[in-house]
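Note sheet for the following structure.
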Amino acid sequence: MEISDVRKRVRETLDRAKRTASERRTKTDEAAREYQTFLDAIAIPVFRQISTVLRAEGHQFSVFTPGGSVRLASDRSGDDYIELTLDTIGSEPRVIGHSKRSRGRRLNESEMPLGSGGPVRDLTEEEVLAFVLRELEPLVER
């Protein structure tokens, strides 16, 4: 094999990698902006409404908004919570729902993408509510 052919193919690979990285950064930046809008307009208000209803029903849960996420956490145990975060590691940025609950010394965790895995801007209040209610049931069944 000629060195000129190898050099040409290596350069093509390097150029393709640069383009891919640039496109991924652009997608990630756009998704981060959409995600912040989603948090402010949809996710945080839904989590606060759920917390208000839970408190009225005698279940002590608080809403926290640490950087780039929203979390509904039990006031009784810091190990019991439901949260939403933006996952930018995969090929497409997406919102991930994460829940964690404790039973004695045992911890159960689960993660799943919200909605159909499409763009952040397509997520609805109903999808957020459905996820939280599904994950909430084991936390309040005690």
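What you are looking at is a predicted structure, and each value in this text was computed from that prediction instead of being measured. Counting from 1, the numbers follow the sequence of the chain as shown.
- The structure places NZ of K18 at 12.0 Å from OG1 of T13, a figure rounded to the nearest 0.5 Å.
- To the nearest 0.5 Å, atoms CZ (F47) and OG (S69) are separated by 9.0 Å.
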V128 vs E125, side-chain contact (heavy atoms from CB on, under 4.5 Å): CA-CA, chis, key distance, verdict: CA-CA 5 Å; V128 172; E125 291 175 330; 5.7 Å; no
Steps toward side-chain contact (heavy atoms from CB on, under 4.5 Å) verdict (I50, F61): CA-CA 9 Å; I50 293 168; F61 281 81; over 6 Å; no
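- The OG atom of S99 lies 9.5 Å from the CZ atom of R134; values are rounded to the nearest 0.5 Å.
- Counting only heavy atoms from C-beta outward, the side chains of R25 and E30 never approach each other to under 4.5 Å.
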Test log, rule side-chain contact (heavy atoms from CB on, under 4.5 Å), inputs L114 and I96: CA-CA 6 Å; L114 252 65; I96 298 291; over 6 Å; no
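- Separating the CG atom in L39 from the OG1 atom in T65 is a distance of 8.5 Å, to the nearest 0.5 Å.
- By the 4.5 Å heavy-atom criterion applied to side chains, R55 and S51 are counted as neighbours.
- A cation-pi arrangement is absent between R71 and F64, since the terminal nitrogen or guanidinium carbon is not both under 6.0 Å from the aromatic centre and inside a 45° cone about the axis.
- Around atom CZ of R9, no more than 12 heavy atoms belonging to other residues, nucleotides or ligands sit under 6.0 Å away.
- Residue I89 qualifies as open at atom CD1: its count of foreign heavy atoms under 6.0 Å is 12 or below.
- Note on F131: it clusters hydrophobically with L129, by side-chain heavy-atom contacts below 4.5 Å among ILVMFWY residues.
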Stepwise salt bridge (charged side-chain N to carboxylate O under 4.0 Å, His left out) test for D29 and R24: CA-CA 9 Å; D29 291 346; R24 186 173 45 252; over 6 Å; no
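- In this structure, Y81 contributes its side chain and R101 its backbone to no donor-acceptor pair below 3.5 Å.
- Both V140 and L133 belong to a common hydrophobic cluster when Ile, Leu, Val, Met, Phe, Trp and Tyr are linked at side-chain heavy-atom distances under 4.5 angstrom.
- Between the side chain of D80 and the backbone N or O of S102, at least one donor-acceptor pair lies under 3.5 Å.
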Test side-chain contact (heavy atoms from CB on, under 4.5 Å) applied to V120 and T37, step by step: CA-CA 9 Å; V120 175; T37 301; over 6 Å; no
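- For the pair T52 (side chain) and R48 (backbone), a donor-acceptor distance under 3.5 Å is present.
- Salt bridge status for E2 with K8: absent, with no side-chain N to carboxylate O gap under 4.0 Å.
- Distance check, rounded to the nearest 0.5 Å: CD of E83 to CD of E111 gives 8.5 Å.
- Among L84, L139, V63, the single residue meeting the side chain to side chain contact (heavy atoms under 4.5 Å, CB included) criterion with L72 is V63.
- For the atom pair CD (E92) and CG (D87), the distance works out to 11.0 Å, reported to the nearest 0.5 Å.
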Steps toward side chain to side chain donor-acceptor pair (under 3.5 Å) verdict (R76, Q60): CA-CA 7 Å; R76 293 187 320 160; Q60 300 303 306; over 6 Å; no
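- M112 and Y35 fall within a single hydrophobic cluster, where Ile, Leu, Val, Met, Phe, Trp and Tyr side chains are chained together by heavy-atom contacts under 4.5 Å.
- Although no hydrogens or angles enter the test, the distance criterion places no donor-acceptor pair under 3.5 Å between the side chain of Q36 and the main chain of R33.
- S110 and E135 share a donor-acceptor pair across their side chains, judged by distance under 3.5 Å alone.
- Using a 4.5 Å heavy-atom cutoff, the side chains of L86 and T88 are in contact.
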